[in-house]
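Working notes, beginning with the structure itself.
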Amino acid sequence: MNGLKSILALTASVFLLCMISPALAQDEDEIPGTPQENGNNCIPENLTNSYDALYNPETPENDIRKWYSFGSEYFKVQNYKDALPYLWKVFVNDTGKYAILSIGKITQAYFELQMADSTLIAAYKGLAKFPNYAKLHYYAGYLQDNLGRYKCAIPHYEALVEAEPEQESYLEKLAFLYFKDGNEKAIEIQERLVKLKPDNSEYQNTLAQYMDFFLGPGGALEARKKAYENDPGNLDYALRYGKAAYDAGEYKAALDPLSAALKLDPKNGEAMEYRAMCYEALEQYEKAIVDYKSLVDLQADNAKTMCAIASDYKNRFQFTNGRYWVQRALNIRPGFGLAYITMAEIYEAAVVYCQDQEKRGRKYDDALVYELAYDEYKKAANDPEYKSTATKRMNSLQMVLPTQEELFMNQNRKTLKLECYSWINQ
């Protein structure tokens with residue numbers, strides 16, 4: 001939980017900074033009294049201001065449009081103080097689109113002027129009329145959170161998530177607010193975030209920490225297992241338990257729910273990939289290859305999966321098949337660093353395999369094959385994503401490359417002669 005403790009400490013620091021910020025300076029329209037964070041006291045008790053006196057039920061529509069036009073022009077050039085009187089007159093006298101637009105601008109203007117209390121009053125006055133206006137929820141939620149009133153911020157971020165269910169920043173903030181509030185809903189919201197961005201390791205790690213915090217060590221896995229066992233026909237439960245079991249290193253246990261998920265949805269790529277990874281961890285490479293090939297049938301441009309197939313063929317000492325899948329990956333994604341790394345690993349594995357099969361030590365051909373591996377890592381280093389890994393591997397091979405003495409004794413021969421390496425020349 002160290003990462004979460006750091007976040008909490010950072011939030012506390014932001015709160016202290018806000019306390020000495022000009023954003024808390026009151027203007028002439030602000031009502032004294034800060035809402036307390038309990039029950040419904042998040043909303044200031046008195047939302048009235050001097051502009052309420054400008055209400056006139058007989059206001060002509062033309063006047064409303066004119067005021068809005070004047071206020072908007074001042075707003076555009078960031079002359080917020082001159083924009084506010086016009087925009088307030090619109091808000092108090094209109095009930096339609098001009099009122100909505102004007103209160104949004106009013107709230108933003110106070111925010112830009114660093115008048116926190118006025119921003120909150122404007123936001124809550126607007127929400128009283130237009131409870132679903134996301135812009136107002138954003139400013140109210142942001143300020144309540146940064147003023148240290150996270151309980152008050154929660155309803156606003158709930159509204160934002162409802163309005164924009166795939167907005168990462170809203171989901172991440174709401175999950176963290178629930179966590180601070182000791183609410184297990186943090187797990188549910190973080191799961192939505194992980195589902196939205198499954199490749200984001202930070203989101204995955206935070207989810208694991210939330211689960212550990214609320215469910216205890218191992219509690220997350222046990223909860224997933226019980227949910228699946230109670231409803232084995234539920235695809236989500238099967239997939240979640242299978243993934244959780246894999247993450248916990250329970251590879252055999254993961255196979256049952258992942259297989260169940262594939263029966264429920266035979267084209268579920270996520271279940272295929274996780275089951276293949278379980279088979280790999282259990283050294284059942286042939287079964288892993290079957291699943292990975294099924295995944296390639298669904299995702300014809302998945303070069304990463306092709307590399308996984310190549311790697312599994314390497315583990316079965318089927319080096320020619322491994323090379324074939326590396327080449328397929330490079331045809332799909334030229335310059336792909338992982339493909340070159342996989343080919344290098346095939347060459348390295350071939351050396352160990354040949355030495356074991358022939359029950360011998362190092363020969364000159366072994367050094368030449370290591371040199372082929374080195375060249376593949378060198379190509380991989382051109383891919384920024386894999387440069388670091390490739391460079392480390394290149395350095396580790398320096399000691400097994402052909403020596404000057406070996407090159408001299410073999411007249412700089414580069415062709416391979418050993419039968420064990422005949423597949424390389426094909």
Side-chain angles (χ1 to χ4, degrees), residues 1-18 23 35-44 104 107-108 111 116 119-120 122-124 126-128 130-216 219-220 223-224 227 236-237 239-240 243-244:
M1 296 297 295
N2 289 338
L4 294 178
K5 289 179 180 178
S6 299
I7 298 174
L8 286 169
L10 177 60
T11 303
S13 299
V14 171
F15 171 59
L16 292 174
L17 287 172
C18 287
Q36 299 300 309
E37 191 180 347
N38 52 44
N40 296 321
N41 291 334
C42 295
I43 303 175
T107 305
Q108 184 177 344
F111 184 84
T119 305
L120 287 173
Y124 285 117
L127 288 170
F130 311 110
N132 297 321
Y133 191 8
K135 184 175 183 178
L136 301 182
H137 282 294
Y138 172 79
Y139 283 112
Y142 178 88
L143 281 176
Q144 295 285 25
D145 179 40
N146 282 278
L147 290 171
R149 299 193 286 258
Y150 63 88
K151 288 181 182 289
C152 295
I154 287 175
H156 299 295
Y157 280 97
E158 288 175 334
L160 288 169
V161 166
E162 184 176 353
E164 296 186 59
E166 294 190 354
Q167 173 57 252
E168 289 180 61
S169 61
Y170 296 160
L171 288 167
E172 186 175 17
K173 174 59 73 174
L174 181 58
F176 182 57
L177 290 174
Y178 279 146
F179 167 73
K180 289 174 69 175
D181 195 36
N183 190 331
E184 286 189 24
K185 284 184 179 180
I187 294 174
E188 176 189 341
I189 299 300
Q190 192 68 23
E191 283 178 333
R192 287 173 59 180
L193 195 56
V194 167
K195 189 174 182 179
L196 187 65
K197 294 290 182 180
D199 293 331
N200 190 311
S201 59
E202 184 177 341
Y203 292 163
Q204 293 274 7
N205 184 54
T206 301
L207 175 59
Q209 292 183 66
Y210 287 165
M211 285 184 165
D212 285 344
F213 180 82
F214 288 110
L215 305 177
R224 296 290 189 226
D236 285 340
Y237 289 169
L239 192 53
R240 288 176 182 176
K243 289 165 61 177

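What you see is a predicted model; the values in this text were computed from it and never measured.
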Please say whether more than 12 non-hydrogen atoms of neighbouring residues, nucleotides or ligands are located less than 6.0 Å from CD in Glu168.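 Yes, CD of Glu168 has more than 12 neighbouring heavy atoms, counting only those of other groups under 6.0 Å.
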
More than 12 foreign heavy atoms under 6.0 Å from OH of Tyr237: is that the case here?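 Counting neighbours around OH of Tyr237, 12 or fewer heavy atoms of other residues, nucleotides or ligands fall under 6.0 Å, so no.
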
What I'd like to find out is whether the side chain of [X] reaches to under 4.5 Å of the side chain of [Y], using heavy atoms alone.
{"X": "Tyr142", "Y": "Tyr157", "answer": "yes"}
{"X": "Gln144", "Y": "Leu120", "answer": "yes"}
{"X": "Cys42", "Y": "Lys151", "answer": "no"}
{"X": "Phe111", "Y": "Leu143", "answer": "yes"}
{"X": "Leu215", "Y": "Glu184", "answer": "yes"}

Could you report the tightest heavy-atom contact between [X] and [Y], atom names first, then the distance?
{"X": "Leu136", "Y": "Ala123", "answer": "CD1-O, 3.8 Å"}
{"X": "Leu160", "Y": "Tyr138", "answer": "CD1-CA, 3.7 Å"}
{"X": "Tyr124", "Y": "Pro44", "answer": "CD1-CD, 3.6 Å"}
{"X": "Leu171", "Y": "Leu196", "answer": "CD1-CD2, 4.2 Å"}

Can you measure from [atom1] ([X]) to [atom2] ([Y]) and round to the nearest 0.5 angstrom?
{"X": "Lys185", "Y": "Glu188", "atom1": "NZ", "atom2": "CD", "result": "7.0 Å"}
{"X": "Ile189", "Y": "Leu177", "atom1": "CD1", "atom2": "CG", "result": "11.0 Å"}
{"X": "Gln167", "Y": "Glu172", "atom1": "CD", "atom2": "CD", "result": "10.5 Å"}
{"X": "Leu147", "Y": "Arg149", "atom1": "CG", "atom2": "CZ", "result": "5.0 Å"}

Could you give me the CA-CA distance, side-chain angles and deciding distance for His156 and Leu127, then say whether side-chain contact (heavy atoms from CB on, under 4.5 Å) is met? CA-CA 10 Å; His156 299 295; Leu127 288 170; 3.8 Å; yes

Between the main-chain N or O of [Y] and the side-chain N or O of [X], is there a donor-acceptor pair closer than 3.5 Å?
{"X": "Asp181", "Y": "Asn183", "result": "no"}
{"X": "His137", "Y": "Pro131", "result": "yes"}
{"X": "Gln190", "Y": "Tyr210", "result": "no"}
{"X": "Asp145", "Y": "Gly141", "result": "no"}

Residue pair Met211, Leu207: steps toward the side-chain contact (heavy atoms from CB on, under 4.5 Å) verdict: CA-CA 6 Å; Met211 285 184 165; Leu207 175 59; 4.0 Å; yes

Between the side chains of Glu162 and Tyr170, does any donor sit under 3.5 Å from an acceptor?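 No pair is found: no donor N or O on one side chain lies under 3.5 Å from an acceptor on the other.
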
Does Glu158 form a side-chain contact (heavy atoms from CB on, under 4.5 Å) with Leu174? I'd like the steps, not just the answer. CA-CA 7 Å; Glu158 288 175 334; Leu174 181 58; 3.8 Å; yes

